[in-house]
Amino acid sequence: MNRVYVCSCFGITDKQVKEHAAAGACTPRQIASATKAGTDCGSCVRTIQGLLGRGACPRRELLEKGDGAAVLAADSRLVPALTGAAAAVAAVEPEPRPALAEAA
């Protein structure tokens, strides 16, 4: 079986990205939290986006349903080193900033 490296900075393969995606990682940021991929030179971020695709995101669906406990459980499987408050912080994606109104 051939290894296809997605992130040469940290030696992360496409298989590892897909495994984390199957465990609930839906964004490149979540993959980065789990593997560090995309946090050095950044050249792999588009490849990671392509591997994640535009399919359904179980984590996002749980958030929309208000099931924060399940999201935290998924995050703890992705990043076992994070527990308690750190896991809660990692589970929160920043809200998009509203567009600034143009000055008249």
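Values below: all heavy atoms of this structure, side chains included; hydrogens, waters and symmetry mates excluded. Here the structure is a predicted model, which means the values were calculated and not measured.
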Kindly indicate, with the supporting measurements, whether the criterion side-chain contact (heavy atoms from CB on, under 4.5 Å) is fulfilled by Ile48 and Val6. CA-CA 7 Å; Ile48 293 169; Val6 172; 3.6 Å; yes

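- Contacts of Thr13 classified as side chain to side chain contact (heavy atoms under 4.5 Å, CB included), with partners at least two apart in sequence or in another chain: Arg3, Tyr5, Lys15, Gln16.
- Residues that satisfy the side chain to side chain contact (heavy atoms under 4.5 Å, CB included) test with Phe10, not counting sequence neighbours, are Cys7, Ile12, Lys36, Thr39, Asp40.
- Summarising the geometry of Cys41 relative to Cys9, their closest heavy-atom pair is SG-SG, 3.7 Å, with the distance given to 0.1 Å.
- Across all their heavy atoms, Pro28 and Gln49 have their closest contact at CG-CG, 3.4 Å.
- Closest non-hydrogen pair, Ala21 versus Leu52, comes out as CB-CD2, 3.6 Å.
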